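What follows is a single structure, written as structure tokens, with notes after it.
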Amino acid sequence: MSSSSSIDQPNVITCKAMVAWEAGKDLVMEEVEVSPPQPLEIRVKVICTSLCRTDITAWESQAIFPRIFGHEASGIVESVGEGVTEFVKGDHVLTVFTGECKTCKHCESKKSNMCQVLGLERRGVMHSDQGTRFSVKGKPVYHYCAVSSFSEYTVVHSGCAVKVSPQAPLEKICLLSCGVAAGLGAAWNVADISEGSIVVIFGLGTVGLAVAQGAKLRGASQIIGVDINPEKYEKAKCFGVTDFLNPNEYNEPIQQVIKRISGGGTDYSFECIGNTGMVTTALQSCCDGWGLTVTLGVPKTNPEIASHYSAFLSGKTLKGSLFGGWKPKSDLPSLVNKYMNRVRFSITSC
């Protein structure tokens, strides 16, 4: 089927969007103009979007404004640009903040999901022409991660969208476009958690809970959750957490508590907060010899990590993770299928 029609060319759409005009200031509901998709782009009607902590971090601190945030969404293709053959109007899609061109060195490698063409976009523009598709009264409005899902309609590069089954509930699977996929992938792809292992997770938000799910499904024997919010404990148990630690309730460094209750340190530790100081704590919490720490959070301040060299001399490993190591187009459909086939990411007792 042809991807676009020369007779039925898409026009500018006017719709509502939440616009951030200044750092840290309230978002404002505005009427925005959304341009037609350019070559290799698609315009998407956003059905559901969720709020990721990274959106908040960028809203509080980054200097590119005005801007439409949001990068974790599901929707329906409204129109397609020239050269798009993968999508047609009406397709159900997930948007993704890092794409997959399938032709660059990293896309062709099994070792990476860091696309050199459609990687993380930091300048508030589209990959294809370094322009924006949004405006308010003629004034350009910048994108976020080349997605900008806090709008009724958005334009994304076709390499930054994943076609999904029309039977998949869009209001639920939107979480697979960032947070849940990132946590599961960190547990399965990056750490490759083994059965019977001991895991500690710092931060029990969406990403941390997804790590816990992934660890449980891999058969971890002990899953320790660390968070300063005690209200998260009961929900965390639903996702597989066996022990809950609140650092504010202890008079000793939390890494010492973890090493004590885990019998000398965990096999795996995950930093899901976005705090570089906590990365050091996570590294200190895992065991000598083979302890692996994975960092997933995006820091708001102090981006540099400091750690004593002895941690590495003792055989510990520190690894980073972007989107859980998933190649979006190649791998996300399998996650959606697992959900649809009831290989559940949720615990039925909760």
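This one's a predicted model, so the numbers in the text were calculated from it and none came from an experiment.
Among all heavy-atom pairs drawn from A212 and V241, the shortest one is CB-CG2, 4.0 Å. Pairing each heavy atom of Q116 with each of C104, the nearest pair is N-SG, 3.3 Å. Taking each heavy atom of N229 and F244 in turn, the nearest pair found is O-CZ, 3.4 Å. The minimum heavy-atom distance between G240 and I223, with the atom names listed, is O-CD1, 3.3 Å. Taking all atoms of both residues into account, the shortest heavy-atom contact from S177 to L94 is CB-CB, 4.3 Å. Taking each heavy atom of C48 and L170 in turn, the nearest pair found is CB-O, 3.8 Å.
No donor-acceptor pair under 3.5 Å is formed between the side chain of K316 and the backbone N or O of G289. Of the possible donor and acceptor atoms, one in the side chain of T280 sits under 3.5 Å from a partner among the backbone N and O of A306. A donor-acceptor pair is defined here as one N or O able to donate and one able to accept, closer than 3.5 Å; no such pair exists between the side chain of T242 and the backbone of Q222. A side-chain donor-acceptor contact under 3.5 Å links R218 to the backbone of I193. Judged purely by atom type and a 3.5 angstrom limit, D227 uses its side chain to pair as donor or acceptor with the backbone of L204. Panel note: side chain S314, backbone S310; a donor-acceptor pair is recorded below 3.5 Å. Proximity of a side-chain donor or acceptor of T154 to a complementary backbone N or O of S148 within less than 3.5 Å is detected. Between the side chain of W21 and the main chain of V28, no donor-acceptor pair closer than 3.5 Å is present.
Taken from CG in L27 to CH2 in W59, the straight-line distance is 7.0 Å, to the nearest 0.5 Å. To the nearest 0.5 Å, atom CD1 of residue I47 and atom OG of residue S74 are 7.0 Å apart. Here the straight-line distance linking atom OG of S330 with atom NZ of K102 works out to 4.5 Å at 0.5 Å rounding. With rounding to the nearest 0.5 angstrom, the CD1 atom of I305 is 9.0 Å from the CG atom of L283. For the atom pair K163 NZ and L332 CG, the distance stands at 14.5 Å (nearest 0.5 Å). For the atom pair K327 NZ and M114 CE, the distance stands at 11.0 Å (nearest 0.5 Å).
When the shell of 6.0 Å around CD of E195 is examined, it contains 12 or fewer heavy atoms from other residues, nucleotides or ligands. Heavy atoms of other residues, nucleotides or ligands lying less than 6.0 angstrom from CG of N248 number more than 12. When the shell of 6.0 Å around CD1 of I228 is examined, it contains 12 or fewer heavy atoms from other residues, nucleotides or ligands. For K259, the NZ atom counts as densely surrounded, since its 6.0 Å shell holds more than 12 non-hydrogen atoms of other residues, nucleotides or ligands. For E231, the CD atom is loosely surrounded, since the number of other residues' heavy atoms within 6.0 Å does not exceed 12.
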Stepwise side chain to side chain contact (heavy atoms under 4.5 Å, CB included) test for F202 and V279: CA-CA 9 Å; F202 293 84; V279 174; over 6 Å; no
Side chain to side chain contact (heavy atoms under 4.5 Å, CB included) assessment of V88 paired with V80: CA-CA 7 Å; V88 296; V80 301; 5.7 Å; no
Verdict with reasoning, C145 to L120, per side chain to side chain contact (heavy atoms under 4.5 Å, CB included): CA-CA 6 Å; C145 289; L120 188 60; 3.7 Å; yes
V211/V294 under side chain to side chain contact (heavy atoms under 4.5 Å, CB included): CA gap, chis, key distance, verdict: CA-CA 11 Å; V211 172; V294 179; over 6 Å; no
Trace of the salt bridge (charged side-chain N to carboxylate O under 4.0 Å, His left out) decision for E252 with R260: CA-CA 11 Å; E252 59 182 317; R260 186 171 62 250; 3.0 Å; yes
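The shortest distance between side-chain heavy atoms of T281 and P253 does not fall below 4.5 Å. For the pair P333 and V162, the minimum side-chain heavy-atom distance is below 4.5 Å. Residues V32 and C15 have side chains in contact (heavy-atom distance under 4.5 Å, counting atoms from C-beta outward). The shortest distance between side-chain heavy atoms of V34 and V155 falls below 4.5 Å. Inter-residue side-chain proximity for T49 and V147 is flagged as unmet; no heavy-atom pair is nearer than 4.5 Å. Contact annotation: the side chain of N113 never approaches that of E100 to less than 4.5 Å [non-hydrogen atoms, C-beta and beyond]. Residues M340 and P169 have side chains in contact (heavy-atom distance under 4.5 Å, counting atoms from C-beta outward). Counting heavy atoms from C-beta outward, I198 and S221 have side chains that approach closer than 4.5 Å.
For the pair K235 and F239, the cation does not sit on the ring face, since its NZ or CZ is not both under 6.0 Å from the ring centre and inside 45° of the axis.
Between F134 and H143, the ring planes are tilted. Angles from 30° to 60° get that label.
Alongside W290, the hydrophobic cluster contains no other residue (criterion: ILVMFWY side chains under 4.5 Å).
Residues I224 and Y233 do not share a hydrophobic cluster, clusters being chains of Ile/Leu/Val/Met/Phe/Trp/Tyr side chains in contact below 4.5 Å. By the rule that hydrophobic residues join a cluster once side-chain heavy atoms approach within less than 4.5 Å of another member, Y309 and L318 end up as members of separate clusters. The cluster map of Ile, Leu, Val, Met, Phe, Trp and Tyr, joined by side-chain heavy atoms under 4.5 Å apart, puts I201 and I254 in different clusters. Using a 4.5 Å cut-off between side-chain heavy atoms of Ile, Leu, Val, Met, Phe, Trp and Tyr, with links allowed through other members, L217 and L175 fall into the same hydrophobic cluster. Transitive grouping of hydrophobic side chains (ILVMFWY, heavy atoms separated by less than 4.5 Å) brings V207 and L209 into a common cluster.
Residue pairs meeting the ring pair (Phe, Tyr, Trp, His ring centres under 6.0 Å) criterion with at least one partner in residues 92-130, sequence neighbours excluded, are H71-F97, F97-F323.
Each of S158, S79, S35, S128 was evaluated against E41; a single residue qualifies, S128, per the side chain to side chain donor-acceptor pair (under 3.5 Å) test.
One finds a salt bridge joining E31 and K16 here, because a Lys/Arg side-chain nitrogen approaches an Asp/Glu carboxylate oxygen to under 4.0 Å. In this structure, K139 does not pair ionically with E30, as no charged nitrogen and carboxylate oxygen lie closer than 4.0 Å. The pair E121-R123 meets the salt-bridge criterion, since a charged nitrogen lies less than 4.0 angstrom from a carboxylate oxygen.
When only modelled atom types and interatomic distance are considered, S285 and T266 share no side-chain donor-acceptor pair under 3.5 Å.
In summary, the aromatic rings of Y144 and F69 are positioned with their centroids under 6.0 Å apart.
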